Amino acid sequence: MSYKFGKLAINKSELCLANVLQAGQSFRWIWDEKLNQYSTTMKIGQQEKYSVVILRQDEENEILEFVAVGDCGNQDALKTHLMKYFRLDVSLKHLFDNVWIPSDKAFAKLSPQGIRILAQEPWETLISFICSSNNNISRITRMCNSLCSNFGNLITTIDGVAYHSFPTSEELTSRATEAKLRELGFGYRAKYIIETARKLVKDKAEANITSDTTYLQSICKDAQYEDVREHLMSYNGVGPKVADCVCLMGLHMDGIVPVDVHVSRIAKRDYQISANKNHLKELRTKYNALPISRKKINPELDHIRLMLFKKWGSYAGWAQGVLFSKEIGGTSGSTTTGAIKKRKWDMIKETEAIVTKQMKLKVELSDLHIKEAKID
DNA sequence: TATCGACCTGAGACC
DNA sequence: GTCAACAGGTCGATA
């Protein structure tokens with residue numbers, strides 16, 4: 001099927017699809033090897049309904065091509081949406097030249113490789129990163145796709161691949177159970193997902209808000225970062241790392257550095273950051289009034305987050321993204337040029353095939369039950 | 001309040 | 001075919 005793509009001029013050093021869509025920020029973009037294009041479902045602008053969005057990058061002419069399938073209307077609306085999604089208001093070149101290189105020698109050896117932080121939907125970000133604990137990218141991707149195909153709504157089918165919405169908190173609480181999620185391979189995260197969805201439904205009702213997006217955005221209103229993180233950590237399965245990922249990628253808090261084992265290693269090895277007794281004492285005092293933070297936050301890692309913010313400034317989260325890609329390059333399949341190895345379309349098709357088979361089995365089983373009931 | 005083991009699963013390294 | 005001082009954490013029991 002051929003579509004009429006819109007076009008957006010963008011230098012590859014400012015945006016590299018391979019480096020941002022499959023490098024562990026977002027887990028629902030599918031890469032089609034043959035057509036060299038990416039697709040996913042997303043809500044465009046303020047719309048509540050999902051559309052299938054297809055992207056491809058004409059690297060020679062430095063053009064991003066985009067189309068929303070089934071959405072006959074507004075290419076301009078999609079263009080505006082994508083500019084926000086990719087945060088194209090932020091210039092990586094400017095950050096390198098004027099912010100990071102002057103304050104950090106490590107950046108002088110690097111160049112922008114189109115690695116930027118996405119502005120993702122906060123609910124999807126929350127659930128995706130709950131899935132990320134103790135896990136690897138390919139399995140998180142499979143889990144997110146499994147959530148959509150099992151509990152989301154069918155949007156459309158293109159070339160034999162079914163595209164679904166990401167299930168809302170209500171859809172998850174009404175359609176999924178911990179047992180079902182465990183059956184689908186979520187392991188111990190099954191409980192976290194169900195409990196988080198239930199709490200969000202309750203929180204929204206109390207705030208008289210219907211949309212997951214609107215609710216999670218509302219907790220930032222007139223709130224300090226520490227309070228937003230405290231709120232996010234009130235959900236089961238959400239610790240400081242996951243909360244910080246939601247702040248950075250779902251709630252546009254560009255200065256937040258999620259500290260995991262890799263960032264912690266970078267901080268100690270390359271910046272000799274380590275907390276002394278006074279630092280730790282100060283942080284414990286700081287979180288005295290926040291019961292969840294007091295319980296869940298590791299002061300040593302929090303010290304690293306603060307020191308990196310001090311070093312890199314208000315876009316510290318973006319700087320972390322750049323160094324992180326470089327750090328894990330060798331272990332997560334990136335190439336020497338910094339491009340993250342793309343995952344195969346085949347894998348998604350395989351997931352689809354499994355889901356279709358499961359659905360077929362369910363239909364057969366229910367037919368069998370009907371027959372048995374008739375015999376009875 | 002600090003520490004530490006348990007938790008699901010499977011890609012990928014190794015033989 | 002097997003296996004793990006895995007892998008982008010979090011929770012809860014214990015001392």
Side-chain angles (χ1 to χ4, degrees), chain A residues 19-20 22-27 115 117-118 120 125-147 178-196 199 229-230 232-250 256-267 275 277 280-281 283-288 290-302 304-305 308 317 320-334 340-344 346-347 350-351 354:
Chain A
N19 283 353
V20 293
Q22 300 202 296
Q25 284 191 62
S26 173
F27 302 97
I115 300 165
I117 299 296
L118 299 168
Q120 300 190 72
T125 310
L126 177 63
I127 295 297
S128 303
F129 280 93
I130 286 177
C131 293
S132 79
S133 81
N134 223 357
N135 212 345
N136 55 59
I137 296 177
S138 72
R139 190 164 161 229
I140 305 165
T141 303
R142 210 164 337 119
M143 285 177 173
C144 290
N145 281 301
S146 173
L147 277 182
E178 188 186 330
K180 257 190 201 171
L181 287 171
R182 277 185 177 270
E183 223 172 273
L184 289 166
F186 285 78
Y188 62 86
R189 304 163 197 86
K191 185 180 165 196
Y192 300 157
I193 291 169
I194 294 295
E195 290 186 358
T196 293
K199 182 168 186 295
R229 183 175 52 170
E230 174 84 359
L232 288 171
M233 288 194 302
S234 70
Y235 297 102
N236 202 5
V238 180
K241 159 71 176 25
V242 172
D244 283 347
C245 285
V246 176
C247 285
L248 175 65
M249 297 164 214
I256 302 305
V257 179
V259 181
D260 54 37
V261 286
H262 298 289
V263 175
S264 168
R265 185 174 59 242
I266 293 171
K277 279 183 183 173
L280 299 178
K281 195 179 164 192
L283 284 171
R284 287 198 188 101
T285 314
K286 184 178 167 187
Y287 296 128
N288 249 344
L290 299 170
I292 301 171
S293 299
R294 199 175 59 206
K295 194 175 153 199
K296 290 193 177 184
I297 283 176
N298 174 338
E300 278 182 46
L301 298 182
D302 205 50
I304 291 174
R305 180 185 64 75
L308 291 178
Q320 170 270 152
V322 171
L323 291 188
F324 189 89
S325 285
K326 185 173 157 262
E327 181 75 11
I328 64 158
T331 56
S332 76
S334 80
I340 305 293
K341 199 164 132 190
K342 297 163 177 177
R343 275 185 299 285
K344 303 282 184 182
D346 298 352
M347 192 184 86
E350 211 172 278
T351 312
I354 292 166

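Because the structure is a prediction, the values reported are computed rather than measured. Chain identifiers are assigned alphabetically (A, B, ...) following the order of the sequence lines, protein sequences preceding nucleic acid strands; residue numbering begins at 1 within each chain.
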Considering only nitrogen or oxygen atoms on both sides, find all protein atoms under 3.5 Å from nucleotides 2-6 of chain C and state each distance.
none

Exercise. In dot-bracket, 5' to 3', how would DNA chain C read with Watson-Crick or G-U wobble pairs under 3.5 Å, [ ] for crossing ones and | for pairs to another strand?
Worked result: |||..||.|||||||
For this session: Please state how far atom OH in A:Tyr192 lies from atom P in B:dC7, giving the value in whole angstrom units.
Result: 11 Å
For this session: With sequence neighbours excluded, tell me which residues meet side-chain contact (heavy atoms from CB on, under 4.5 Å) with A:Asn136.
Result: A:Ser138, A:Arg139
Exercise. Does the side chain of A:Lys296 get closer than 4.0 angstrom to OP1 or OP2 of C:dC11 through an N or O atom?
Worked result: yes
For this session: Please determine if a side-chain N or O atom of A:Arg142 lies less than 4.0 Å away from the OP1 or OP2 oxygen of B:dA11.
Result: yes
Please write out each protein N/O paired with an N/O of nucleotides 12-15 of chain C under 3.5 Å, distance rounded to 0.1 Å.
none

Exercise. Is it true that A:Glu178 and A:Arg182 make a salt bridge, defined as a side-chain N closer than 4.0 Å to a carboxylate O?
Worked result: yes
Exercise. Looking at residues at least two apart in the chain, or sitting in another chain, which of them share a ring-ring contact (aromatic ring centres under 6.0 Å, His included) with A:Tyr235?
Worked result: A:His231
Exercise. Mind checking the C1' distance from C:dT10 to B:dA11? Whole angstroms is fine.
Worked result: 23 Å
Check: protein-nucleotides 1-3 of chain B nitrogen or oxygen pairs below 3.5 Å:
unit_1	atom_1	unit_2	atom_2	d
B:dA2	OP1	A:Arg284	NE	3.1
B:dA2	OP2	A:Arg284	NE	3.4

For this session: Check for a donor-acceptor pair, side chain of A:Glu230 on one end and backbone N or O of A:Ser293 on the other, with a separation under 3.5 Å.
Result: yes
For this session: Mind checking A:Arg189 for me? I need base, sugar-phosphate or nothing, with any heavy atom below 4.0 Å counting as a touch.
Result: base
For this session: Among the candidates C:dG8, B:dG10, C:dT10, find the nucleotide nearest to the side-chain atoms of A:Arg139.
Result: B:dG10
